[in-house]
Chemist: 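One structure follows; several queries about it will come next.
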Amino acid sequence: MAEFVLNEFRGVFKRAEELYNEEKYKDAVPLFRDVVEHDRDNYIACYYLADCLYYAKGTSRDYKKAFELFMIAASNKLTEACYMVGLCYLEGTGINQDSTQAVAWFTEAAKYAHPLSQYYLGVAYMKGEGITKDIPRAAQWLVHAAKEGIVDASRDAAICYEALGKWRGAATLYLDGAEKGDSYCQERIGDCYADGLGTLQSFELAMHYYTLAAEQGNVKAMVKMANKYLSDTTNKDALKNAIHWYMKAANLGDADAQNSLAECYYTGNGIFQNYQNAILWWTKSANQGNRQAMIHLAENYAEPDDPVVQKDLKTAKFWWTKAAEAGDPFAMYKLGECYELGLGVPQANLDDAYKWYRLASQNGNEEATEAILKFTKSISGKIKIKKQK
């Protein structure tokens with residue numbers, strides 16, 4: 001009788017599998033349920049039903065039940081189920097998140113050349129999540145996955161090779177990812193061609209891949225391409241192209257592009273000179289933490305080149321402070337000057353002036369080193385200016 005039942009449900013399983021492959025999941029799910037209920041040894045049916053429950057194919061989503069069924073199939077060495085158990089542990093779906101268990105199951109599936117398991121295992125070694133960080137081993141697994149066409153694996157393997165100083169391998173993998181359409185890989189192979197890292201140096205190829213990345217919305221590639229155009233003296237359209245990409249990246253919120261676009265407006269380089277637009281873009285860039293933009297603003301409010309821009313020592317001091325606090329030695333020196341001379345502050349403060357001059361000097365600013373020489377301490381410890389002989 002038991003053998004009859006099993007034979008009967010083998011036919012049910014075959015029909016359920018056909019429906020699954022035809023993507024008729026709603027019809028397949030009840031058949032898989034019947035098979036699993038009456039033939040628990042059919043671990044392939046367990047896998048199919050788990051897949052439907054996990055991805056809500058023809059039924060409501062049930063991560064917990066899916067995990068239980070994936071585990072049955074994985075315990076019977078079904079490679080795809082081992083991967084799914086690893087994924088459940090990695091993401092905490094149907095079971096408590098556990099990176100160590102995720103690595104164990106990805107390792108099991110990776111042994112049988114499962115590409116996504118190889119990828120996740122490589123990422124685990126790369127980041128040191130669930131296992132000791134090991135960049136060379138990460139690179140090995142990621143390369144295996146990359147050979148199976150996983151684009152993210154090409155990118156991450158290239159990053160590992162770059163970290164190991166193996167630029168030829170990194171360039172090869174970045175090129176592979178770039179040709180498969182990954183914008184980060186396109187940007188980085190552009191860098192490789194621009195600087196001759198691991199490959200021949202080629203301005204044309206660098207620009208080609210920067211363009212591909214930029215057209216996908218890669219803002220860093222836009223800025224790098226604009227910088228290249230700005231330095232190209234052989235192309236009559238170079239400045240126009242530089243402004244185009246700076247403008248695009250600036251409007252997408254990139255602080256470096258905003259700063260560079262402001263500089264073009266300020267100097268009239270490739271665009272109609274407009275000091276107010278320069279101030280506008282410098283302000284946007286500075287508000288995102290760009291130190292160079294902060295310094296430009298401070299300089300222009302301290303000594304405006306355009307009569308429309310009003311001199312504002314208080315605002316100049318504000319941006320000197322921001323840049324100084326962000327670690328810029330020149331801004332530290334200028335802030336010291338503000339406190340010494342009473343520029344943009346209620347009154348001069350020699351103690352604060354000395355403090356900022358000293359910080360600037362410690363960070364390599366020679367003007368600040370010279371400025372410190374004119375200060376001395378009184379008996380009470382207050383800073384004062386040395387008397388002139």
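All of these numbers come straight from a predicted model, not from anything done at the bench. If you read the sequence from its start, that first residue is 1, and numbering goes on from there.
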Chemist: Let me see the working for M222 and L252 under side chain to side chain contact (heavy atoms under 4.5 Å, CB included), right down to the final yes or no.
Modeler: CA-CA 10 Å; M222 294 177 192; L252 288 171; 3.6 Å; yes
Chemist: Ignoring hydrogens and geometry, is there a side-chain-to-backbone donor-acceptor pair from Q97 to E91 under 3.5 Å?
Modeler: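 Checking the backbone N and O of E91 against the side chain of Q97, no donor-acceptor pair under 3.5 Å is found.
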Chemist: If you compare all heavy atoms of A109 against all heavy atoms of S117, which two are closest, and at what distance to 0.1 Å?
Modeler: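 What the structure gives for the nearest pair is CB-OG, 3.1 Å.
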Chemist: Look at the rings of F70 and Y47 and say which category their plane angle falls in: under 30° parallel, 30 to 60° tilted, over 60° perpendicular.
Modeler: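 Taking Y47 first and then F70, their aromatic rings sit tilted (interplane angle of 30° to 60°).
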Chemist: Hey, which of Y89, W105, Y54 is the one that makes ring-ring contact (aromatic ring centres under 6.0 Å, His included) with F67?
Modeler: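 Of Y89, W105, Y54, ring-ring contact (aromatic ring centres under 6.0 Å, His included) with F67 is met by Y89 alone.
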Chemist: Given E18 and R15, is the salt bridge (charged side-chain N to carboxylate O under 4.0 Å, His left out) satisfied, shown in steps?
Modeler: CA-CA 5 Å; E18 289 172 353; R15 178 57 183 153; 3.3 Å; yes
Chemist: Using only atom types and a distance under 3.5 Å, with no angle test, would you say the side chain of R291 pairs donor to acceptor with the backbone of A326?
Modeler: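 Confirmed, R291 side chain pairs with A326 backbone.
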Chemist: Count the heavy atoms of every other residue, nucleotide or ligand shown that sit under 6.0 Å from CG of N21, and state whether that count exceeds 12.
Modeler: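 Check passes, neighbour count above 12.
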Chemist: Using a 3.5 Å distance criterion without hydrogens, assess whether the side chain of D254 forms a donor-acceptor pair with backbone atoms of D256.
Modeler: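 Judged by distance alone, yes, a pair lies under 3.5 Å.
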Chemist: Out of curiosity, does L69 fall in the hydrophobic cluster containing L87 (side-chain heavy atoms, cut-off under 4.5 Å, transitive links)?
Modeler: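 Yes; L69 is reachable from L87 via cluster members.
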Chemist: Evaluate the side-chain proximity of Y357 to E370: yes if any heavy-atom separation is below 4.5 Å, no if none is.
Modeler: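 Of all side-chain heavy-atom pairs linking Y357 with E370, none is under 4.5 Å.
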Chemist: For residues K314 and F318, determine if any side-chain heavy atom of one lies less than 4.5 Å from a side-chain heavy atom of the other.
Modeler: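 K314 does not reach F318 side chain to side chain.
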Chemist: Answer yes if the ring centres of Y25 and Y20 are under 6.0 angstrom apart, and no otherwise.
Modeler: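 Yes, ring centres under 6.0 Å apart.
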Chemist: Indicate yes or no for a side-chain donor-acceptor contact from S285 to the backbone of A255 under 3.5 Å, with no hydrogens or angles considered.
Modeler: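 It does hold such a pair.
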Chemist: Can you check whether M207 reaches E204 side chain to side chain, under 4.5 Å on heavy atoms?
Modeler: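 No, too far: nothing below the 4.5 Å cut-off.
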Chemist: Which heavy atom in N218 sits nearest to a heavy atom in S183, and how many Å separate them?
Modeler: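 Closest pair (atom of N218, atom of S183, distance): ND2-O, 3.3 Å.
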Chemist: Same cluster or not: I159 versus W141, using hydrophobic residues (I, L, V, M, F, W, Y) connected whenever any side-chain heavy atoms lie under 4.5 Å apart?
Modeler: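 Looking at the clustering, W141 is in the same group as I159.
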Chemist: Verify the cluster assignment for L341 and L359: are they in a single hydrophobic cluster under the rule of side-chain heavy atoms below 4.5 Å apart?
Modeler: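 Unlinked, L341 and L359 end up in two clusters.
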Chemist: Atom CD of residue position Q216 - does it have more than 12 heavy atoms of other residues, nucleotides or ligands inside 6.0 Å?
Modeler: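 More than 12 heavy atoms, drawn from other residues, nucleotides or ligands, come within 6.0 Å of this atom.
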Chemist: Can a salt bridge be assigned to the pair K334 and E337 using a cut-off of 4.0 Å between side-chain N and carboxylate O?
Modeler: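 Counted as a salt bridge, because a side-chain N and a carboxylate O are separated by less than 4.0 Å.
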Chemist: Hey, mind stepping through F13 and F32 against side chain to side chain contact (heavy atoms under 4.5 Å, CB included) and telling me if it holds?
Modeler: CA-CA 6 Å; F13 169 72; F32 282 133; 3.9 Å; yes
Chemist: Any donor-acceptor pair under 3.5 Å linking the side chain of D182 with the backbone of Y184?
Modeler: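 Between the backbone of Y184 and the side chain of D182 there is a qualifying donor-acceptor contact (under 3.5 Å).
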Chemist: How about W320 and F330: are their ring centroids closer than 6.0 Å?
Modeler: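 Ring-ring flag for W320/F330: true, centres closer than 6.0 Å.
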Chemist: Applying the 4.5 Å side-chain criterion to the ILVMFWY set and letting contacts propagate, would M84 and L49 be lumped into a single cluster?
Modeler: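 Cluster IDs for M84 and L49 match.
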Chemist: For the pair D351 and K355, find out whether any cationic side-chain nitrogen is under 4.0 Å from an anionic carboxylate oxygen.
Modeler: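 Salt bridge absent between D351 and K355.
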Chemist: When you measure from the side chain of N241 to the backbone of D237, do you find a donor-acceptor pair of N or O atoms at a distance under 3.5 Å?
Modeler: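 Checking the backbone N and O of D237 against the side chain of N241, a donor-acceptor pair under 3.5 Å is found.
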Chemist: Can you tell which of K220, K224, K228 makes a salt bridge (Lys or Arg N to Asp or Glu O under 4.0 Å) with D191?
Modeler: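 Considering K220, K224, K228, a salt bridge (Lys or Arg N to Asp or Glu O under 4.0 Å) with D191 is found only for K224.
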Chemist: Would you check if the side chain of Q258 reaches a backbone N or O of A250 as a donor-acceptor pair within less than 3.5 Å?
Modeler: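 Yes: the side chain of Q258 pairs with the backbone of A250.
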Chemist: Could you state the interatomic distance from CG (D152) to CZ (R155), rounded to the nearest 0.5 Å?
Modeler: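 So the gap between those two atoms works out to 4.0 Å.
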Chemist: Taking C-beta and beyond as the side chain, do H38 and V12 meet within less than 4.5 Å on heavy atoms?
Modeler: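 Heavy-atom side-chain distance check fails, nothing below 4.5 Å.
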Chemist: Using modelled atom types only, decide if a donor and an acceptor are shared between the side chain of T369 and the backbone of N365 within a distance under 3.5 Å.
Modeler: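 Answer holds: yes.
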Chemist: Tell me, with the steps shown, if Y63 and C88 meet side chain to side chain contact (heavy atoms under 4.5 Å, CB included).
Modeler: CA-CA 8 Å; Y63 285 131; C88 287; over 6 Å; no
Chemist: Can you tell me how far the OG1 atom of T100 sits from the CD1 atom of I131, to the nearest 0.5 Å?
Modeler: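 So the gap between those two atoms works out to 8.5 Å.
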Chemist: For the side chain of D176 and the backbone of T172, is there at least one donor-acceptor N/O pair under 3.5 Å apart?
Modeler: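 It does not hold such a pair.
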Chemist: Please check if Y112 and Y119 belong to a single hydrophobic cluster, counting links between Ile, Leu, Val, Met, Phe, Trp and Tyr side chain heavy atoms closer than 4.5 Å.
Modeler: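 Not linked; separate clusters.
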Chemist: Tell me whether K166 at atom NZ has more than 12 heavy atoms from other residues, nucleotides or ligands lying less than 6.0 Å away.
Modeler: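 Incorrect, the count does not exceed 12.
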Chemist: Does E23 come within less than 4.0 Å of K57, counting only side-chain N to carboxylate O?
Modeler: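 Here E23 does not pair with K57 in a salt bridge, since their nearest N and O are not under 4.0 Å apart.
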Chemist: Can you tell me if Q288 uses its side chain to pair, donor with acceptor, with the backbone of G253 under 3.5 Å?
Modeler: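 It does hold such a pair.
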Chemist: Does any non-hydrogen side-chain atom of M126 lie less than 4.5 Å from one of D156?
Modeler: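 The answer is yes, as the side chains (C-beta and beyond) meet within the 4.5 Å cut-off.
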Chemist: Nearest 0.5 Å please: distance from the CD1 atom of I189 over to the OH atom of Y210.
Modeler: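 Those atoms lie 10.0 Å apart.
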Chemist: How far does CD1 of I279 sit from OH of Y301, to the nearest 0.5 angstrom?
Modeler: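 Those atoms lie 5.0 Å apart.
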Chemist: Which pair of non-hydrogen atoms, one from A316 and one from A298, has the smallest distance, and what is that distance?
Modeler: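 So the two residues come closest at CB-O, 3.4 Å.
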Chemist: Any side-chain heavy atom of Y174 within less than 4.5 Å of one from E162?
Modeler: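 In short, these two side chains touch, coming nearer than 4.5 Å.
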Chemist: Hey, could you give me the CG/OH distance between L142 and Y161, rounded to the nearest 0.5 Å?
Modeler: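 That separation rounds to 9.5 Å.
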Chemist: Quick check for you: to the nearest 0.5 Å, what is the distance between I72 atom CD1 and Y43 atom OH?
Modeler: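 Output value for this atom pair is 13.0 Å.
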Chemist: Can you give me the closest heavy-atom contact between C264 and I271, atom names plus distance?
Modeler: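 Nearest pair, atom of C264 first, then I271: O-CG2, 3.5 Å.
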Chemist: If you define the side chain from C-beta out and look only at heavy atoms, does anything of Y83 sit under 4.5 Å from F106?
Modeler: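 Yes, side chains in contact.
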Chemist: Could K284 and W281 be counted as a cation-pi pair, given that NZ or CZ must be under 6.0 Å from the ring centre and within 45° of the axis?
Modeler: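 Flagged: K284 positioned over aromatic ring of W281.
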Chemist: Going by heavy atoms in the side chains, are E340 and K374 under 4.5 Å from each other?
Modeler: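 Yes, close enough: below the 4.5 Å cut-off.
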